[in-house]
Amino acid sequence: MWTASEHLGGQHKRTWRQLVPACALLAVVIVVATVALMSTETSVAAPPVTRVSKVAEYPHDSRAFSQGLVFHNGELLEGTGRYQQSSLRRVNIGTGGVTAHVHLDKNVFGEGVTVWNNRIIQLTWENGYLIIYDADTLARQGTVGYREIDASLKQGWGITYDGEHLIISDGTAVLRFIDPNTWRVVRKLRIRSGIRSVSKLNELEYVDGEVLANIWYSSRIARIDPQSGAVTGWLELKGLFPRAIRRNREAVLNGIAWDA
């Protein structure tokens with residue numbers, strides 16, 4: 001699996017995403033937990049933190065401003081962002097080579113990706129719609145407007161599929177669970193760590209009954225109970241930052257992919 005992130009609100013996000021040069025992480029990493037700081041306190045106690053270590057590293061296109069990752073049929077699908085540079089890519093994980101790609105319109109900022117019913121779903125950030133592709137050919141099949149899903153959904157950040165619902169984040173502390181057959185919101189879930197709401201939820205992945213979420217500008221991934229919204233633990237990835245980019249605020253960990 002993969003990374004974490006955070007943000008300072010819509011206006012700040014707009015500023016760096018429009019003006020800052022590409023600073024995508026130079027390598028894709030797979031990590032495993034090495035130390036778990038377990039807690040026997042009550043539910044109001046801080047969730048345990050699990051530090052991770054890198055067990056493998058693979059090449060990655062440093063020009064790709066990674067916004068979303070998901071494995072499908074043994075290959076990595078990557079959604080990239082930035083205006084005039086956003087794309088959907090199929091990537092050979094071993095070589096880092098792009099085996100197929102689709103460029104988004106120059107005025108579109110691409111965000112998270114997931115796979116449902118042999119279709120790839122890619123969010124856009126502020127453009128107000130998601131894009132549907134054929135998972136085999138990457139042929140574009142259509143779009144769905146955010147207002148059709150929920151009038152209060154203004155931005156798209158991260159997306160995953162739990163086997164029944166699409167789950168979408170928008171940078172707030174709320175996750176939306178959506179029926180992909182009707183594109184209607186089934187429920188909304190506020191995410192909390194103890195009694196504190198956890199906002200800036202970004203790229204998502206569903207793994208063994210948990211939702212994993214990058215927190216924008218953070219080095220942690222939240223492990224979320226999809227029924228209660230409680231953060232049950234944190235994955236600490238600070239040690240994965242290459243030393244050369246640690247002073248670059250925009251060189252953030254972003255994108256989570258699970259290969260069972």
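Worth knowing before you read on, the calculation uses all heavy atoms, side chains too, and leaves out hydrogens, waters and symmetry mates.
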- Just do the side chain to side chain contact (heavy atoms under 4.5 Å, CB included) check on I149 and V185 with the steps written out, would you? CA-CA 6 Å; I149 298 171; V185 175; 3.8 Å; yes
- Item | Verdict with supporting geometry, Q122 and L104, side chain to side chain contact (heavy atoms under 4.5 Å, CB included) | CA-CA 10 Å; Q122 182 177 26; L104 277 61; 3.6 Å; yes
- Say whether V70 and L212 are linked into one hydrophobic cluster, either directly or through other cluster members, by side-chain heavy-atom distances under 4.5 angstrom. no
- Message: Looking at R89, is its backbone amide N or carbonyl O close enough to the side chain of S87 to form a donor-acceptor pair, meaning the two atoms are under 3.5 Å apart?
- Response: no
- Task: Please answer: with hydrophobic residues joined when any side-chain heavy atoms are less than 4.5 Å apart, are V198 and L175 in the same cluster?
- Result: yes
- Task: Would you check if T232 and E210 make a side-chain contact, meaning some heavy-atom pair closer than 4.5 Å?
- Result: yes
- Please work out whether the ring planes of Y161 and W116 are parallel, tilted or perpendicular, with thresholds of 30° and 60°. perpendicular
- Rounded distance (nearest 0.5 Å) linking atom CD1 of I159 with atom CD of E111: 11.5 Å
- For D170, which of K154, K188, R176 qualifies under salt bridge (charged side-chain N to carboxylate O under 4.0 Å, His left out)? R176
- Query: Got a second to check how far R82's CZ is from F109's CZ, nearest 0.5 Å?
  - Reply: 7.5 Å
- Looking only at heavy atoms, what is the nearest atom pair of L77 and V113, with distance? O-CG2, 4.1 Å
- Can any side-chain N or O of E205 pair as donor or acceptor with the backbone N or O of W258 at less than 3.5 Å? yes
- Query: Would a hydrophobic clustering, with Ile, Leu, Val, Met, Phe, Trp and Tyr connected at side-chain separations under 4.5 Å, put L153 with I131?
  - Reply: no
- Query: Under the 3.5 angstrom rule, does the side chain of Y133 hit a backbone N or O of A135 as a donor-acceptor pair?
  - Reply: no
- Query: Same hydrophobic cluster for Y83 and V252, using side-chain heavy-atom links shorter than 4.5 Å among ILVMFWY?
  - Reply: yes
- Can you tell me how far the CG atom of L166 sits from the CG atom of N181, to the nearest 0.5 Å? 9.0 Å
- Item | CD1 on I178 to CD1 on I121, rounded to 0.5 Å | 10.5 Å
- Closest heavy-atom contact between A213 and L201? CB-CD2, 4.1 Å
- Query: Given side chains that start at C-beta, do those of V174 and R190 come closer than 4.5 Å, heavy atoms only?
  - Reply: yes
- Query: Donor-acceptor pair, D179 side chain versus R184 backbone, under 3.5 Å?
  - Reply: no
- Under the 3.5 angstrom rule, does the side chain of S169 hit a backbone N or O of W157 as a donor-acceptor pair? no
- Item | Considering all heavy atoms, the nearest P226-Y206 contact | CG-CE1, 4.4 Å
- Where is the tightest heavy-atom contact between E236 and S219, given as atom of each residue plus distance? OE2-OG, 2.6 Å
- Query: Hey, does the side chain of E203 reach the backbone of L69 with a donor-acceptor pair shorter than 3.5 angstrom?
  - Reply: yes
- Message: Applying a strict under-4.5 Å side-chain criterion to I, L, V, M, F, W and Y, I'd like to know whether V102 and V115 cluster together.
- Response: yes
- Side-chain donor/acceptor of R51 to backbone N/O of K238, under 3.5 Å: no
- Mind listing the closest non-hydrogen atom pair of R187 and L189 along with its distance? NH1-CD1, 3.9 Å
- Donor-acceptor contact below 3.5 Å, side chain N117 vs main chain R119: no
- E75 CD to D259 CG distance, which is reported to the nearest 0.5 Å: 12.0 Å
- Message: What verdict does the side chain to side chain contact (heavy atoms under 4.5 Å, CB included) test give for I191 and V211, after you've listed the backbone C-alpha separation in whole Å, the side-chain angles of each residue and the deciding distance to 0.1 Å?
- Response: CA-CA 11 Å; I191 309 307; V211 176; over 6 Å; no
- Message: Side chains of Y58 and V91, heavy atoms from C-beta outward: is any pair under 4.5 Å?
- Response: no
- What pair of heavy atoms forms the shortest contact from I93 to L76, and how long is it? CD1-CD2, 4.2 Å
- Do the side chain of T80 and the main chain of A64 share a donor and acceptor less than 3.5 angstrom apart? no
- Query: So how far is it from T114 OG1 to L123 CG, rounded to the nearest 0.5 Å?
  - Reply: 9.5 Å
- Item | Side chains of S193 and W234 in contact at under 4.5 Å (non-hydrogen atoms) | yes
- Task: Give the intermediate values and the outcome of side chain to side chain contact (heavy atoms under 4.5 Å, CB included) for residues N118 and H72.
- Result: CA-CA 9 Å; N118 206 44; H72 180 62; 3.6 Å; yes
- Message: Between Y146 and T124 (side chain of the first, backbone of the second, donor and acceptor by atom type, cut-off under 3.5 Å), is there such a pair?
- Response: yes
- Task: Would you mind reporting whether E78 and V98 have side-chain heavy atoms less than 4.5 Å apart?
- Result: no
- CZ of R147: more than 12 outside heavy atoms within 6.0 angstrom? no
